[in-house]
Novice: 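Before anything else, here's the structure in question.
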2 protein chains.
Amino acid sequence: MRLIVAHCEVHYRGRVSSVLPPAVRLLMCKSDGSVMVHSDAGGYKPQNWMTPPTRIEESAERIVVEKGSGKALERLEIHITEILSDVTHAMDEGPRLEKDGVERDLQEALADSPQALAEGLRLVRREYPTPIGPVDLMCADADGYLAVEVKRVGTIDAVEQLTRYLEYIRAERGLETCRGMLVAESMKPQARTLAVARGIDTRTVDLAELRGLREPELTLFMP
Amino acid sequence: MRLIVAHCEVHYRGRVSSVLPPAVRLLMCKSDGSVMVHSDAGGYKPQNWMTPPTRIEESAERIVVEKGSGKALERLEIHITEILSDVTHAMDEGPRLEKDGVERDLQEALADSPQALAEGLRLVRREYPTPIGPVDLMCADADGYLAVEVKRVGTIDAVEQLTRYLEYIRAERGLETCRGMLVAESMKPQARTLAVARGIDTRTVDLAELRGLREPELTLFMP
DNA sequence: CGGTAGATTTCGTGA
DNA sequence: TCACGAAGTCTACCG
């Protein structure tokens, strides 16, 4: 990884046009072709960047990064006034990040414990297919079928998504009365409101609790 | 800005749990409290990070970054095995990025030239309010009213959004027959399909052309 | 390669 | 502070 600290001005033209007036910034060039321009503030995001694959052309006072072609051409021009530091560090790209607690994990926990959503509820199948994509969980109880959409955060979009699924599901024979439920770890008020209007149930759950229903939690902890 | 290159292991616990096995990485600490862990590949995103406001606690072999409290507590622990480099660079935070070509600019151009969407179309008002948020443009011609949703990229979500707006608009007196149009610089085929099914018009436009209708383009160029 | 859905989305804005 | 919508979203996955 190459780290350049330099006084520079940056122009980008592609999906939008942007100008970054002259100032001292960090230029990060990764070995995969990524180039990022970071200022000392502004948090997470680079002020400008280009993701791989890129074509990089460098001269004494200019670094030009390009990507795509024709109408999709993107171009990042870094005009360097003064270089304050320019170092390269060898870094074998380490192992991948291991995550736990993403939507997939929530879906698995619910597939294991559907009764947490409603008494007597059982899993029919995960990823129940529809023409526009799979519903996370198809369940059933004495009252009939229940299509469950799982999210980490319940939003209006999730309600819309489930609504579209239900349209197709209810067109199937034997599923005309299939109900819908949006399950999330946190629920936006407006999502709940829209869900009520659509006759869709909402439910908030806790991943750790769900797992506790099954077995002692066996996951990643802080040391 | 402080740049540390170190062999380290990182644990995050908060919105999810994650473990980053030991390897050589770049630790970027900005003066606003941001902390990012970058590997040499993986493009744009840091492998781990914490956005401000943060509480940072540092000892010889450990950097702990915390944020929030109670249920919303997030904690990033960086265990350092070996420091290969540790430098700090003074950087006055430069001026903001100036952008052109974002959705706002498109909306302004269309507000100036509604006739580009349909002959004889005139603007009634921008940001026409509904109970669930404002419609970008409310226009009218001899055939009646037209609600216009403006996007840079036309997607299914945009069609859904406009559909919701139209529901409320058509509930108003005098607007029962209001039509809808999705305008974008590029349109996803599936968005077009859904729009047709909903009786919503779609239209692609070019920002530079729109501006050309009014006056010679006066905007940001690459040098 | 295009489309979709998820993300520790982040980030801005307006109420 | 909260909630919503845009973003050069980015990224993984699936066809």
Novice: Rounding to a whole Å, what distance do you find between Q190(A):CD and dC4(D):P?
Specialist: 4 Å

Novice: dA6(D), OP1 or OP2 - any side-chain N/O from K151(B) closer than 4.0 Å?
Specialist: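 K151(B) to dA6(D) OP1/OP2: side-chain N or O found under 4.0 Å.
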
Novice: How close or far is atom P of dC10(D) from atom CG of D32(A), stated in whole angstroms?
Specialist: 14 Å

Novice: Quick one: does V205(A)'s side chain get under 4.5 Å of L117(A)'s, heavy atoms only?
Specialist: yes

Novice: What's touching nucleotides 11-15 of chain D from the protein side, N or O pairs under 3.5 Å?
Specialist:
residue, atom, partner, partner atom, Å
dT11(D), OP1, G42(B), O, 3.3
dT11(D), OP1, Y44(B), N, 3.2

Novice: Rounding to the closest angstrom, what is the interatomic distance between dC14(D) and dT8(C) at atom C1'?
Specialist: 25 Å

Novice: Select one nucleotide: of dG3(C), dT8(C), dA6(D), the one nearest the side-chain heavy atoms of E149(B).
Specialist: dA6(D)

Novice: Under 4.0 Å between any heavy atoms, over every strand shown, what does V153(A) touch: base, sugar-phosphate, or nothing? Just pick one.
Specialist: nothing

Novice: So what does M50(A) touch, heavy atoms closer than 4.0 Å: a base, only the sugar-phosphate, or nothing?
Specialist: base

Novice: Considering every strand and a 4.0 Å limit on heavy-atom distances, what is the contact class for I156(B): base, sugar-phosphate, or nothing?
Specialist: sugar-phosphate

Novice: Return the value, rounded to whole Å, for the distance between atom CG of L182(A) and atom P of dG6(C).
Specialist: 11 Å

Novice: How long is the line joining CD of E108(B) and P of dA6(D), in whole Å?
Specialist: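 Distance, rounded to whole Å: 15 Å.
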
Novice: Report yes if the side chains of V35(B) and I63(B) come closer than 4.5 Å at any heavy-atom pair, otherwise no.
Specialist: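 No - every pair of side-chain heavy atoms lies 4.5 Å or more apart.
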
Novice: Is the distance from OP1 or OP2 of dT10(C) to the nearest side-chain N or O of R15(B) less than 4.0 Å?
Specialist: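 It does, given that an N or O in the side chain of R15(B) lies less than 4.0 Å from OP1 or OP2 of dT10(C).
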
Novice: Keeping T54(A) on the side-chain end and G33(A) on the backbone end, is there a donor-acceptor pair under 3.5 Å?
Specialist: yes

Novice: How many whole angstroms separate atom CG of D157(A) from atom P of dA3(D)?
Specialist: 16 Å

Novice: Examine distances only and state if a side-chain atom of K151(A) and a backbone atom of L182(A) form a donor-acceptor pair shorter than 3.5 Å.
Specialist: no

Novice: Please identify which of these residues, V102(B), D136(B), D112(B), meets the side-chain contact (heavy atoms from CB on, under 4.5 Å) condition with Q107(B).
Specialist: D136(B)

Novice: Taking atom C1' of dT4(C) as reference, at what distance in whole Å does atom CD of Q161(A) sit?
Specialist: 9 Å

Novice: Rounding to an integer number of angstrom, what distance separates dG8(D) and dG14(C) when you compare their C1' atoms?
Specialist: 24 Å

Novice: Determine the sole option in M1(A), R2(A), E58(A) for which the side-chain contact (heavy atoms from CB on, under 4.5 Å) test with C29(A) is passed.
Specialist: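 Of M1(A), R2(A), E58(A), side-chain contact (heavy atoms from CB on, under 4.5 Å) with C29(A) is met by R2(A) alone.
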
Novice: Rounded to whole angstroms, how far apart are CG on L106(A) and P on dA5(C)?
Specialist: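 About 18 Å, once rounded to whole Å.
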
Novice: Between E77(B) and R13(B), is there a salt bridge with N-O shorter than 4.0 Å?
Specialist: no

Novice: Under 3.5 Å, is there a donor on one side chain and an acceptor on the other for S34(A) and D32(A)?
Specialist: yes

Novice: Mapping R104(A) and P189(B) to their closest nucleotides on DNA chain C, which lands nearer the 5' end?
Specialist: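 In this pair, the answer is P189(B).
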
Novice: Which whole-number value in Å describes the distance from D136(B) CG to dA6(D) C1'?
Specialist: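 Answer to the nearest Å: 11 Å.
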
Novice: Under 4.0 Å, counting only non-hydrogen atoms across every strand here, what does I132(B) touch: a base, just sugar-phosphate, or nothing?
Specialist: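 Since only primed, P, OP1 and OP2 atoms lie under 4.0 Å of I132(B), the category is sugar-phosphate.
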
Novice: G133(B) or K67(A): which one's nearest nucleotide on DNA chain D is closer to the 5' end?
Specialist: G133(B)

